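Fair warning: this is a prediction, and the values are worked out from it, not measured in the lab. For ligands, and for the atoms within them, numbers begin at 1 and follow the listed sequence.
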Amino acid sequence: MSMSDTIKTVVGRRVWDSRGRPTVEVEIRTASGASGRAIAPAGASTGAGEALDRRDGGTAFGGLDVTGAVASVNGEIAAALLGMAVDDQTGADRSLIALDDTPNKSRLGGNAIIATSMALAHAAAASAGLPLWRHLAGDTPPGPLPLPEIQILGGGAHAARRVDVQDFMVIAVGAPDYPTALDWTADVYRAAGRILADAGRLQGVADEGGFWPAFDSNEEALDCLLRAIEASGHAPGDEVAIALDIAASDFGSGGRYTLARDGREIDSDGLADMLLGWLARYPVVSIEDPMGEDDEAAFARFTHAAPAGVQIVGDDLVTTNAARIAHCAGIGAGNTALIKPNQIGTLTETREALDSAREMGWGAIVSARSGETEDVTIVHLGVGWAIPQLKVGSFTRSERMAKWNEGLRLAEQVPSGAALPVRSAYPWGRS
Ligand code: PGA
Ligand code: ZN
């Protein structure tokens with residue numbers, strides 16, 4: 001086919017996310033009758049550099065309604081995109097950026113723009129008769145299924161600060177393939193639930209579905225997670241390792257951090273000492289945002305001080321921004337970028353962030369947000385763009401399971417087959 005399919009309609013609508021908050025869905029139809037749809041997720045512990053999630057303010061739904069963002073989709077955005085080639089993702093994304101014309105996409109709304117950008121990719125894939133991951137891969141080889149990073153206990157801003165640390169996660173580093181990594185995580189999740197129930201410390205689940213435990217310290221949560229891995233029958237460290245998201249920007253700024261659970265305020269060096277102690281005592285292989293986003297020098301010192309092979313992830317630090325990733329890599333702050341499309345606002349810029357990470361020799365993890373939906377676009381990004389890891393939250397609640405389950409479907413389609421080189425794809429692989 002020489003003539004490219006074109007965008008015929010762009011429709012925005014208000015739908016609801018996993019926290020029961022309004023969010024933006026966009027549906028794009030092409031002249032040939034193909035269609036694609038995507039929904040914007042939303043963060044709670046957002047970085048200062050993120051694209052703005054445009055909300056109405058006022059009184060409806062606590063000020064969180066998105067009628068303004070939906071109106072920008074149905075008005076200006078639709079008018080700008082109608083008639084464009086559906087497979088010109090870069091051209092469409094550049095038009096949206098120019099149309100918005102603010103540094104943080106605040107005029108049209110980052111939520112309106114990312115939902116449009118992702119819906120366009122779905123429509124282009126449908127128009128070409130390809131699964132999204134295949135369309136995204138283009139001429140480059142797709143990846144195997146990414147290695148899952150899965151939350152077992154939730155804290156921080158997602159659990160009323162019941163513990164300071166936001167995510168206590170596991171990575172099944174020894175699993176031979178993606179389905180097995182999920183099997184082992186299910187074992188750990190079940191074991192953690194049993195341990196918490198037996199101790200009378202089970203309170204419910206946090207925003208991303210991890211257990212929301214009644215702990216008196218961060219270390220108690222770490223001990224619980226380690227015991228859950230042991231009780232699951234999978235060797236701690238070798239088969240199932242611990243990953244943490246400290247989300248330090250949420251409990252400190254200007255190099256001062258307040259540990260609510262431990263009842264003390266510490267400086268950057270004190271926080272680093274505490275975290276380095278955890279790295280020495282627990283099988284932690286990955287640690288995200290160990291310092292605040294405004295504490296770059298301390299972030300770099302921590303990266304240097306951490307044992308070789310530990311993954312140090314920048315989330316709030318770099319906010320999926322290619323220039324921020326290059327800057328932080330240049331000063332040695334972190335060694336891996338969290339990739340969240342809605343932090344930057346378009347798929348084109350998300351791809352630039354990933355390319356920046358690769359150029360700087362960094363690793364990458366494609367990630368969901370704490371406010372999510374049934375949208376599974378990020379799983380296709382992981383495979384199509386060969387991103388080696390995937391962070392989606394916990395192993396409960398369908399906005400999370402929709403992503404893990406989509407990965408199981410893709411595991412049947414990805415050319416590398418069922419046995420995935422998970423270990424060798426991973427920096428600390430022991431194979
Ligand atoms: P958020 O949290 O989606 O609330 O920003 C996720 C994270 O910090 O990784
Ligand atoms: Zn984070």
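Asp207 and Ser370 form no side-chain donor-acceptor contact under 3.5 Å, judged by distance and modelled atom types alone.
With Glu27 as the fixed residue, the side chain to side chain donor-acceptor pair (under 3.5 Å) test singles out one of Arg13, His122, Arg37: Arg13.
Shown here are the side-chain hydrogen bond (donor to acceptor under 3.5 Å, both in side chains) partners of Thr116, two or more places apart in sequence or in another chain: there are none. Considering only residues two or more places apart in sequence or on other chains, Trp385 meets the ring-ring contact (aromatic ring centres under 6.0 Å, His included) condition with none of them. Every residue two or more places apart in sequence or in another chain was checked for a ring-ring contact (aromatic ring centres under 6.0 Å, His included) with His158, and none qualifies.
Interface atoms of ligand 1 facing Gly43, defined by a heavy-atom separation under 4.0 Å, are 1 (P), 3 (O), 4 (O), 5 (O). Listed by atom number, the atoms of ligand 1 under 4.0 Å from Glu288 heavy atoms are 9 (O). Listed by atom number, the atoms of ligand 1 under 4.0 Å from Asp315 heavy atoms are 7 (C), 8 (O), 9 (O). Close contacts of ligand 1 with Glu208, meaning ligand atoms under 4.0 Å from a residue heavy atom, involve 2 (O), 6 (C). Counting atoms of ligand 1 from 1 in the listed order, those under 4.0 Å from a heavy atom of Ala44 are 1 (P), 4 (O), 5 (O).
Under a 4.0 angstrom heavy-atom cut-off, Ser45 registers as being in contact with ligand 1.
Relative orientation of the Trp16 and Phe61 rings is perpendicular, given thresholds of 30° and 60° on the angle between their planes. Aromatic ring pairs are classed by plane angle as parallel below 30°, tilted from 30° to 60° and perpendicular above 60°; the pair Phe395 and Trp404 is tilted.
Ligand 1 has a nitrogen or oxygen under 3.5 angstrom from a nitrogen or oxygen of Lys391. For ligand 1, the polar-atom distance check against Ala368 finds no nitrogen or oxygen pair separated by under 3.5 Å. Taking only nitrogen or oxygen atoms, main chain and side chain alike, Asp245 reaches within less than 3.5 Å of ligand 1. Polar contact with ligand 1: present for Ser370 (N/O pair, distance under 3.5 Å).
Among protein heavy atoms, the minimum distance from atom 5 (O) of ligand 1 is reached at Arg369 NH2, 2.7 Å. At the top of the distance list for atom 6 (C) of ligand 1, counting protein heavy atoms only, stands Lys340 NZ, 3.4 Å. Counting protein heavy atoms only, atom 8 (O) of ligand 1 is closest to Gln166 NE2, 2.8 Å.
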Exercise. Under the side-chain hydrogen bond (donor to acceptor under 3.5 Å, both in side chains) rule, what do Asp295 and Tyr257 come out as? Steps first, then yes or no, please.
Key: CA-CA 11 Å; Asp295 205 3; Tyr257 299 91; 2.7 Å; yes
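Counting only distance, with no hydrogens or angles, the side chain of Asp17 and the backbone of Arg19 share a donor-acceptor pair below 3.5 Å. With hydrogens and angles disregarded, a donor-acceptor distance shorter than 3.5 Å links the side chain of Arg162 to the backbone of Phe215. For the pair Arg324 (side chain) and Val318 (backbone), a donor-acceptor distance under 3.5 Å is absent.
Listed by chain and number, the protein atoms of type N/O/S under 2.8 Å from the Zn ion (ligand 2) are Asp245 OD2, Glu288 OE2, Asp315 OD2; waters are omitted.
Across Ile312 and Phe299, no two heavy atoms sit closer than the pair CG2-CE2, 3.8 Å.
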